[in-house]
Structures are given as C-alpha cells and as structure tokens.
Amino acid sequence: MLRIRIALLLALAMFGVSACSSGSGSGGGALPDDMSMGNAQSKITVAEYASVGCPVCAKFDREVFPAFKAKYIDTGKIHYVFREMLVGGGAEVAVAASGFLVARCAGKDKYFAVNEAVFKNQEQAFAAPRETLLDIAKSVGMTEDSFNKCINDEKAIQALNDRVERHSRNDHINSTPTFVINGKAMEPGYHTIEEMDAAIKAAGG
C-alpha cells in the first residue's frame, strides 16, 4: 500500500525538507523482527504502531509513556511490542525512516534508547535531520562512518519498507499512534494513561 521511496526521502531529509496520520487496525502476536519490552509470557500484549517522526506519537511518548512503562512494562504485567510505521510525508517520513534505521543498527539493547532520543529531539530533527540523527547515533556508540553506512544500507531500507507495508496491509494500520491490545485496536491517536488503563483492564489485565 505504501511503496515509499525511503532512499529518496532520506536524501531529501539530509538537505532539509519539511512536511502524521489517518484509519483503524488490528494485530496480535509477536513477529520475529518485532522490538519489545516487558514480560513475553504475559497474557496481555500491547502493540504500539508508531512513527518516531509523528508529533502525536512524540506527545504520547513524552506525556504518557513514562507512567505506562512504570505501571505495566517494568512490573511485567504486559508484553509491549513496538511496530515501526511511516506516515505523513517529507521530513516526518525521512526522519522516521532514518531514525528507525539507526535504532536497528544500534542493536536491540539500544533500540528503544534511540527511539526515545528521536522523539525527544523531534523538532530539532525536522530542522536539521542529519546533524541531529548523527548526534543521536554517536550517543549510542556509532561513528559518522557507521551512521552513513547504516542509513544507506539498501537491505535495511527494504526490510523497513517491508515491515511498514506488512503492518499496513495485514493489520490495516494507516494512522499513528495505533494501540492494539490482544488483537483489539483502540481508536487511533493520543490516549491518556486512564484510557490505556481502561483498555488493558477490558482485555483482562
């Protein structure tokens, strides 16, 4: 559905361009290339389909996720799965794509730290994508050379594109953030901790 020319968008982003969401979805069990936190054996799985280039996702990450993580992930009450999406256009897609590539290159133990850094510095990344993302890459131990190789890795770009298309096609996701709890999608968009509590409780949590 979204055959995005990520390589072109990345190139545009590096020279500075400017440009999050629209739909519904469902999705369930963990996939081999998912990134996750928490108790994999929990009876509750919360999948968040999000883009690190989406301002609404950044707002949730800043205002709700810390309390959500402390209450549900750190305590082992849920299995949290993060699924990469690319929505919008211009800088939003380019920053998200390159951010996700860097997060994957950084490794599983640093993946969420990179995402967090991109969310935190999102506005700065829109204004100066290359400089901001390079700084984030260096903060997790990458060099400028490894950063350049990472964001230009054709196989990694294709794998990201394939993940996004799979989530869009199979799970009917075209809006971020979308939260799916044990296969049941919440209304796409920002949710308070109280709304997350209610949805998890309804799922048996």
Chemist: Going by the rule salt bridge (Lys or Arg N to Asp or Glu O under 4.0 Å), which residues pair with D153 if we only count those two or more places apart in sequence or in a different chain?
Modeler: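 Not a single residue meets the salt bridge (Lys or Arg N to Asp or Glu O under 4.0 Å) criterion with D153.
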Chemist: Does anything in residues 58-158 pair up under disulfide bond (SG atoms under 2.5 Å apart), and if so which pairs, sequence neighbours excluded?
Modeler: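 Counting only pairs at least two positions apart or across chains, the disulfide bond (SG atoms under 2.5 Å apart) contacts touching residues 58-158 are C105-C150.
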Chemist: S51 and F100: which non-hydrogen atoms are nearest, and at how many Å?
Modeler: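 Minimum heavy-atom separation between S51 and F100: CA-CZ, 3.9 Å.
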Chemist: The test is side chain to side chain contact (heavy atoms under 4.5 Å, CB included); show your working for V87 and N174 and say whether it passes.
Modeler: CA-CA 7 Å; V87 296; N174 58 13; over 6 Å; no
Chemist: Looking only at non-hydrogen atoms, find the nearest pair between S139 and I136 and report the distance.
Modeler: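 Of all heavy-atom pairs spanning S139 and I136, the closest is OG-O, 2.6 Å.
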Chemist: Less than 4.5 Å apart, any side-chain heavy atom of I200 and any of K77?
Modeler: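 When only atoms from C-beta onward are counted, K77 and I200 do not touch, as no gap falls below 4.5 Å.
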Chemist: Give, for atom SG of C54 and atom CD of E92, the distance between the pair rounded to the nearest 0.5 Å.
Modeler: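 Spacing of SG (C54) from CD (E92) equals 7.0 Å.
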Chemist: Apply side chain to side chain contact (heavy atoms under 4.5 Å, CB included) to residues Q124 and V95 and explain how you reach the verdict.
Modeler: CA-CA 10 Å; Q124 185 180 332; V95 166; over 6 Å; no
Chemist: Can you name the salt bridge (Lys or Arg N to Asp or Glu O under 4.0 Å) partners of K69, sequence neighbours left out?
Modeler: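 With sequence neighbours excluded, K69 shows a salt bridge (Lys or Arg N to Asp or Glu O under 4.0 Å) to D74, given in chain and number order.
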Chemist: Does the T132 side chain pair with the main chain of A128, one donor and one acceptor, at a distance under 3.5 Å?
Modeler: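 At least one qualifying donor-acceptor pair exists.
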Chemist: Keeping the roles fixed (side chain from Q158, backbone from K155), state whether a donor-acceptor pair exists under 3.5 Å.
Modeler: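 Looks like no, no N/O pair under 3.5 Å.
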Chemist: How are the rings of F179 and F60 set to each other: parallel, tilted or perpendicular (split at 30° and 60°)?
Modeler: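 The rings of F179 and F60 sit tilted, inter-plane angle from 30° to 60°.
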Chemist: Which heavy atom of S98 sits nearest a heavy atom of L133, and at what distance?
Modeler: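 Closest heavy-atom pair between S98 and L133: OG-CD1, 3.0 Å.
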Chemist: Looking only at heavy atoms, which two atoms of A58 and F119 are closest? And how far apart?
Modeler: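 It is CA-CD2, 3.5 Å.
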Chemist: Hey, is the main chain of E165 close enough, under 3.5 Å, to the side chain of S168 for a donor-acceptor pair?
Modeler: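 Pair absent, no side-chain N/O of S168 close to backbone of E165.
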Chemist: Taking N39 for its side chain and I78 for its backbone only, find out whether a donor-acceptor pair lies under 3.5 Å.
Modeler: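 No; judged by distance alone, with no hydrogens or angles, the pair does not exist.
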Chemist: In terms of side-chain heavy atoms, does T178 have a donor or acceptor partner in S175 at a distance below 3.5 Å?
Modeler: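 Note: T178 and S175 side chains miss the donor-acceptor criterion.
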Chemist: Check step by step if side chain to side chain contact (heavy atoms under 4.5 Å, CB included) holds for E144 and L134.
Modeler: CA-CA 7 Å; E144 184 166 3; L134 177 57; 3.9 Å; yes
Chemist: Return yes if some donor-acceptor pair links the side-chain N/O of N115 with the main-chain N/O of V52 below 3.5 Å, else return no.
Modeler: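 The answer is no, because no donor-acceptor pair under 3.5 Å joins these two groups.
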Chemist: To the nearest 0.5 angstrom, please state how far the CE atom of M142 sits from the CG atom of D135.
Modeler: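 These two atoms lie 12.5 Å from each other.
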Chemist: Give the minimum heavy-atom separation between D171 and R83, together with the two atoms involved.
Modeler: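 Heavy-atom minimum between the residues: OD2-NH1, 3.9 Å.
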Chemist: What's the separation between atom CG in D162 and atom CD1 in I157, rounded to the nearest 0.5 Å?
Modeler: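 It is 12.0 Å, given to the nearest 0.5 Å.
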Chemist: Atom OH of Y80 and atom OG of S36: how far apart are they, to the nearest 0.5 Å?
Modeler: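 It is 10.0 Å, given to the nearest 0.5 Å.
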Chemist: To the nearest 0.5 Å, what is the distance between CD (E131) and CG (N121)?
Modeler: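 Result: 13.0 Å between the selected atoms.
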Chemist: With side chain to side chain contact (heavy atoms under 4.5 Å, CB included) as the criterion, how do M35 and K108 come out once you've worked through the C-alpha distance, each side chain's angles and the decisive distance to 0.1 Å?
Modeler: CA-CA 7 Å; M35 291 296 185; K108 286 196 172 186; 3.9 Å; yes
Chemist: If you take the centroid of each ring, where Trp contributes its six-membered ring, are F65 and F112 closer together than 6.0 Å?
Modeler: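 Ring centroids of F112 and F65 are no less than 6.0 Å from each other.
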Chemist: Considering non-hydrogen atoms only, spot the tightest contact between G53 and Q122 and give its length.
Modeler: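 Shortest heavy-atom separation between G53 and Q122 comes out as C-NE2, 3.5 Å.
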Chemist: Just verifying a value: how many Å separate F68 CZ and M196 CE, rounded to the nearest 0.5 Å?
Modeler: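 The distance works out to 4.5 Å.
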Chemist: Are any side-chain N or O atoms of K59 and backbone N or O atoms of Y190, one a donor and one an acceptor, separated by less than 3.5 Å?
Modeler: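 Answer holds: no.
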Chemist: Between R166 and E84, does at least one N-O distance fall below 4.0 Å, as a salt bridge requires?
Modeler: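 No.
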